[in-house]
Amino acid sequence: MNRLPPLKSLQAFDAAARHLSFKMAAEELHVTPTAISHQVKLLEEFMQQKLFNRLVRSLSLTKAGETYAPLVRKGFSYLELASEEVSDATATGELSVTTTTSFATKWLMPRLSRFRQRHPGIVVKVSGSDETVDFTRHNFDLAIRYGFGDYADLSTVWVLSDKAAVVCSPSLLAGTSPDDDAAAVSRGPLIHYEWSGFTKRDPNWSTWFEEAGLGGAHLPTNAVYSDEHMCIQAAIDGNGFALVGLIAAADDIVQGRLVLASSIRLPNKNYYLICPETRSGNPRVAAFREWLLEEADIFRDSPAGELIENQTVPSGIRSPDA
């Protein structure tokens, strides 16, 4: 126990490491920036290691600080979980969730009222962002991520598989024969979706036209959006053809606001529910996970879910029943 640093110094370091700012750490802990700086200095003296590079107008972690920060955050996570299990084993309180803006808007939010009915004591805070959240630096309980399942050192549960397809307003296909859909798309205009984490593995127009046998087709771009639900709304408004994930567009297709412009579907990412292992047993996290997986089952059996083929658990990922 004599080798344990002062708790206040660890709290100051943890907050400063997450924000990379003594001022923001001070605001979080309701103290002054000078107090944060003093506590961090005490910790550095205790550890006999410099933890921050103090620049003129910024702060960065040293190599020792980068190693220490996630370990300290994990330690606090264990303390938080232990305190919750002892003080309150019920599913009440606040639950912070981060997910993509598209999934939050088009899929999660329309269903959240059912979670609130089941768990009125849990307040769900949803943050929509396509940026990947680092749990060691941000205070989220869990995330619903759109990816390939390669989340090292995190509790990972598959939720839904997705496919990409071309959608548009029904008016754009008026008078087009069923066999002429790809040709109609080739005449555009096309709506491009390029999110912040876009890679060559993601569905794109070049791949779609190659799949349609129109690899040399001209790609008449109408607009480029960084958010998928913007692309979907632009397609609903009749502004062009959008290549988007079917999970995000499914309800609009079922309700007739959009139509599939082609039967061609491209492989896409999957949705996963992830959280630090230290949080997986939290009553609120467990309640949300159980509800989310039930909603995913309902969706798969619905007309919207039937638009998406091969809703199976990816290899190497825990199934919802695990």
Side-chain angles (χ1 to χ4, degrees), residues 100-108 110 130 146-148 159-271 299-300 302-312:
T100 66
T101 305
S102 174
F103 190 79
T105 304
K106 306 299 288 186
W107 199 94
L108 184 61
D130 288 348
Y146 195 41
F148 300 101
V159 179
L160 290 167
S161 296
D162 201 11
K163 289 290 179 70
V166 179
V167 298
C168 67
S169 167
S171 63
L172 283 189
L173 290 184
T176 302
S177 65
D179 296 331
D180 194 34
D181 51 4
V185 175
S186 71
R187 293 190 289 272
L190 306 183
I191 299 167
H192 286 250
Y193 168 42
E194 291 186 6
W195 66 305
S196 58
F198 187 82
T199 69
K200 292 181 179 179
R201 299 170 71 184
D202 291 289
N204 57 74
W205 278 114
S206 295
T207 302
W208 189 89
F209 276 106
E210 288 176 7
E211 188 71 19
L214 297 169
H218 174 59
L219 307 182
T221 302
N222 178 45
V224 180
Y225 296 103
S226 63
D227 196 284
E228 191 173 32
H229 85 277
M230 292 181 184
C231 294
I232 291 171
Q233 187 59 52
I236 290 172
D237 293 339
N239 293 330
F241 296 92
L243 178 62
V244 294
L246 281 174
I247 286 177
D251 286 340
D252 290 309
I253 295 171
V254 170
Q255 294 173 26
R257 291 188 289 267
L258 290 173
V259 294
L260 286 165
S262 168
S263 60
I264 296 171
R265 284 148 167 78
L266 297 180
N268 208 353
K269 298 187 183 78
N270 303 315
Y271 286 97
F299 175 79
R300 280 189 287 271
S302 71
E306 290 173 358
L307 293 168
I308 306 161
E309 305 162 350
N310 301 323
Q311 283 284 348
T312 56

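Keep in mind that the numbers below use all heavy atoms, side chains included, and drop hydrogens, waters and symmetry copies.
- The heavy-atom pair separating I308 from S161 by the smallest distance is CG2-O, 3.7 Å.
- Taking a 6.0 Å sphere around CD of E211, one finds it holds 12 or fewer heavy atoms contributed by other residues, nucleotides or ligands.
- Residue Y146 comes nearest to G245 through the heavy atom pair OH-CA, 4.4 Å, listed as atom of the first residue, atom of the second, then distance.
- Proximity of a side-chain donor or acceptor of W107 to a complementary backbone N or O of S102 within less than 3.5 Å is not detected.
- The structure places OH of Y193 at 9.0 Å from CD1 of I232, a figure rounded to the nearest 0.5 Å.
- Summarising the geometry, atom OG belonging to S186 is positioned 7.5 Å from atom CH2 belonging to W208; distances are rounded to the nearest 0.5 Å.
- Distance alone, capped at 3.5 Å, places no donor-acceptor pair between the T207 side chain and the P203 backbone.
- Between C231 and the choices V224, V167, I191, the side-chain contact (heavy atoms from CB on, under 4.5 Å) rule is met once, by I191.
- Side chain of N270 to main chain of V159: no donor-acceptor pair is present (N/O by atom type, distance under 3.5 Å, no hydrogens or angles).
- Interatomic distance, L307 CG to L246 CG, rounded to the nearest 0.5 Å: 6.0 Å.
- Using a 4.5 Å heavy-atom threshold, the side chains of V185 and L214 count as separate.
- Residues F299 and A304 approach most closely at CE1-CB, 3.7 Å, considering heavy atoms.
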Review item, side-chain donor-acceptor pairs of residues 251-260, under 3.5 Å, at least two apart:
{"from": "D252", "atom 1": "OD1", "to": "R257", "atom 2": "NE", "distance (Å)": "2.7"}
{"from": "D252", "atom 1": "OD1", "to": "R257", "atom 2": "NH2", "distance (Å)": "2.6"}
{"from": "D252", "atom 1": "OD2", "to": "K106", "atom 2": "NZ", "distance (Å)": "2.7"}
{"from": "Q255", "atom 1": "OE1", "to": "R257", "atom 2": "NH1", "distance (Å)": "2.7"}
{"from": "Q255", "atom 1": "OE1", "to": "R257", "atom 2": "NH2", "distance (Å)": "2.8"}

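- T100 places a side-chain N or O within donor-acceptor distance of the main-chain N or O of F103, the cut-off being under 3.5 Å.
- Two residues are said to be in side-chain contact when any heavy atoms from C-beta on lie closer than 4.5 Å; L173 and F241 meet this criterion.
- With hydrogens and angles ignored, the 3.5 Å screen pairs no side-chain donor or acceptor of E228 with any backbone N or O of A248.
- The shortest heavy-atom contact between S169 and G238 is CB-CA, 3.8 Å.
- For the atom pair E210 CD and N204 CG, the distance stands at 8.0 Å (nearest 0.5 Å).
- Formation of a donor-acceptor pair under 3.5 Å by the D237 side chain with backbone atoms of N239 is not found in this model.
- For the pair F209 and L190, the tightest heavy-atom approach, listed with the atom from each and the gap, is CE1-CD1, 3.7 Å.
- Once rounded to the nearest 0.5 Å, the distance linking CG of N268 with CD1 of I247 reads 8.5 Å.
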